[in-house]
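A short write-up of the structure that comes next.
Numbers restart at 1 for each chain; the letters A, B, ... are given by sequence-line order, proteins then strands. Excluded from the calculations below are hydrogen atoms, water molecules and symmetry mates; all remaining heavy atoms, backbone and side chain alike, are included.
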Amino acid sequence: MNAIEFKLRQIIQSAVLTAYNLELSFDDIVIENPKIKEHGDYSTNVAMQLAKQLKNNPRAIASSIVTEIEKTAHPFDKLEIAGAGFINMVVKLEVLTSIIPTILNEDEKYGLGQTKEHPSFNIEYVSANPTGDLHPGHARGAAIGDALSRIMKCAGYNVSREYYINDAGNQINNMAKSLRARYLQVCGLNEEVPEDGYHGKDLIDIAQEIYDINKDAYKDLAYEESVALFKKLGLEAEILKLKKDLELFRCEFDVWTSEQSLYDRGLVIAALEKLKKLGHTYDHEGALFLKTTDYGDDKDRVLVKSDGTYTYLMPDIAYHLDKKERGYDQLVNLWGADHHGYIPRMKAALEALDYKSEDLHVDIIQMARMIKDGEEFKLSKRTGKAVALKDLIDEAGVDAVRYYFVSKAGDTHMDLDLDMATSSSSENPVYYAQYAHARMCSILRVESPQEINDYSLLTHEKERDLMMILADYPQWIQNSASLRQPHLMCLYIHKCASGFHSFYNECSVLKADDEALKLQRLALTKAVQITLRNALELIGVSAPEKM
RNA sequence: GUCCUCAUAGCUCAGCUGGAUAGAGCAUGCGCCUUCUAAGCGCACGGUCGGGGGUUCGAAUCCCUCUGAGGACGCCA
């Protein structure tokens, strides 16, 4: 809660205590910003909540609470009982203006929450297979995951960002075979990409690069040797490309974990042995099953196939075990919707390994359906028709793409009109916020704010609105982080920008009626600029000083 | 068939722990630049919150059910 709401809760808490000898916890006191101006700056519904418990009607309770508050030295200009029993509050101006010096002092630190070392969070996101370009579906997860990480860090959480590289398994062999075919094609040989291989253009490019460097040196290798080589070359190229694309998209990771390294370090065998030892596995028709049904899954899952190889699940279990053993308390995974059926078995596996399934949070990122020319545009790395994230960035820019994806909750189905997203930029909502920031900067370029301690002239309705929004910023960060809903930050950004545009239109800063008012508005403008800039930073969108 | 996620304005989406008259953007219509950036502001138009029950002072929000959309149900990854 913000500083003002904190104070209001204290006041209400003590009033209820005096009036009814009842101790309310802070969490039970709801303070809201009414949508309607006449309902004051803040309102609370405590009286209605207490009605049942006190066996009295809400308005009577509200009246007693107001009477108690009025006996004290309170910060209100007006207290009013309305509707079914709301208490509406209009706070004194100095309560609102106190936020300005706070922001100017804290500057880039405004909004930072108290550091919470525990629990520690591991946020795993994107984790796209290194078999082709990132497509817009990944971009949605990338934008949301990165913004969530930034927001949680800012809110004070201990966060580590992680990418799981699936560099072992069949899909990689398919990639290797496909790349090999492409290379041989470049060498002028008549070689077909396997039916179930990857047909994307990106492999042609990589094959060409390999050819440019090595010419046809790898042309006559024996099949096995050749596939192994192209597996290595392909992985190097694909992972490098992934890292570059993600960097371009301003997504950072603290840890990259390779699936292959789990095997190399013996972690897969270790995880398997642990499951066996704890008695959660059994043999059936030559395969080894994990009894996930013991923990709520609808059927048991194969860990080791009858041919002796592992299923995808096995290294993934080892990976999650590894994350827990590296000391993270809470594991957050951002998975595509096509993996949601996978959640029960992963949670079951954690339980089987004596960890709590509640410590694994899988947030599903729904598919982003691409629309082009009014028709759905299917994305497939294999058909080669996919729009790459890089194409999207080239067309629309990182800021616009990130804002677009972060501004919508991850769990809703979403349509992205490629024509719209890549068309004339002024239609894009991100510019609304950036433009507000640029406007502030252009004022602040003309005249710098001075240190003042009197803000008593900021009485305009738009000024009050703006200060309320500014005071609310830390709370939005906390909500956004604890609910793991980064799109709330976009709502805040829009609110903040809108508040400023509106103020800008009605209140002249540099040409204010008198010098004192000008200085106060300059300070307010600086405070908004700081807040908006900080907020944009949290979703990885730039705050330009000129546009 | 079983399970998961969703369904809010013409379109794309918000709606924070249940609150007062459900909000933005785009689209449409009308105003506002001799004044700090008009990528803006103001006003208007537009919704049985998919249908039906229930819970309660009060439901878009919670529960049940039906319908519809997408997804998952492999000894693929």
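- Between B/C26 and A/Tyr431, no contact under 4.0 Å exists linking OP1 or OP2 to a side-chain N or O.
- When distances run from any side-chain atom of A/His487 to the nucleotides B/A14, B/G42, B/C36, the shortest one goes to B/A14.
- With sequence neighbours excluded, the residues forming a ring-ring contact (aromatic ring centres under 6.0 Å, His included) with A/His284 are A/Phe289, listed by chain and number.
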Using atom names, set out every protein N or O paired with an N or O of nucleotides 30-32 of chain B below 3.5 Å, distance rounded to 0.1 Å.
none

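- In this structure, A/Phe289 and A/Gln485 both approach RNA chain B, and ranking their closest nucleotides by distance from the 5' end singles out A/Gln485.
- Residues passing the salt bridge (charged side-chain N to carboxylate O under 4.0 Å, His left out) test with A/Glu447 are A/Lys518, sequence neighbours excluded.
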Treat a base pair as Watson-Crick or G-U wobble with both distances under 3.5 Å, then lay out RNA chain B in dot-bracket form, 5' to 3', with | for cross-strand pairs.
(((((((..((((.....[...)))).(((((.......))))).....(((((..]....))))))))))))....
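- Residues forming a salt bridge (charged side-chain N to carboxylate O under 4.0 Å, His left out) with A/Asp297 (at least two apart in sequence, or on another chain): A/Arg301.
- Evaluation of the ring-ring contact (aromatic ring centres under 6.0 Å, His included) rule for A/Tyr319 yields A/Tyr164 as partners, not counting sequence neighbours.
- The residue A/Cys441 sits apart from the nucleic acid: no heavy atom pair falls under 4.0 Å.
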Tabulated below should be each protein N or O lying under 3.5 Å from an N or O of nucleotides 3-8 of chain B; please produce it.
from, atom 1, to, atom 2, distance (Å)
B/C4, O2, A/His340, NE2, 3.3
B/U5, O2', A/Gln366, NE2, 2.8
B/U5, O2', A/Asp411, O, 3.1
B/U5, O2, A/His413, NE2, 3.1
B/C6, OP1, A/Asp411, OD2, 3.2

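- Between A/Lys299 and B/G74 there is a side-chain polar atom (N or O) within less than 4.0 angstrom of OP1 or OP2.
- Listed by residue number, the members of residues 300-310 of chain A with any heavy atom below 4.0 angstrom from RNA chain B are A/Val302, A/Lys305, A/Ser306, A/Tyr310.
- Using a 5.5 Å limit on the distance between ring centres and a 30° limit on the angle between planes, the aromatic ring of A/His39 counts as stacked on the six-membered base ring of B/A20.
- Looking at the side chain of A/Arg445, the nearest of the listed nucleotides B/C75, B/U37, B/C16 is B/U37.
- Here A/Asp300 pairs with nothing under the salt bridge (charged side-chain N to carboxylate O under 4.0 Å, His left out) rule; sequence neighbours left out.
- The stretch residues 469-483 of chain A participates, sequence neighbours left out, in no salt bridge (Lys or Arg N to Asp or Glu O under 4.0 Å) pair at all.
- In this structure, A/Glu38 reaches neither bases nor backbone, as no heavy-atom distance under 4.0 Å exists between it and the strands shown.
- Phosphate proximity of B/G42 to A/His501: absent, as no side-chain N or O sits under 4.0 Å from OP1 or OP2.
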Please report, to 0.1 Å, the donor-acceptor pairs under 3.5 Å made by any side chain of residues 484-497 of chain A, with sequence neighbours excluded.
from, atom 1, to, atom 2, distance (Å)
A/Arg484, NE, A/Asp363, OD2, 2.8
A/Arg484, NH2, A/Asp363, OD1, 3.1
A/Tyr492, OH, A/Ile469, O, 2.7

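- Taking 4.0 Å as the cut-off between side-chain N and carboxylate O, A/Glu124 and A/Lys323 count as a salt-bridged pair.
- Every residue two or more places apart in sequence or in another chain that forms a salt bridge (charged side-chain N to carboxylate O under 4.0 Å, His left out) with A/Glu461 is listed here: A/Lys37.
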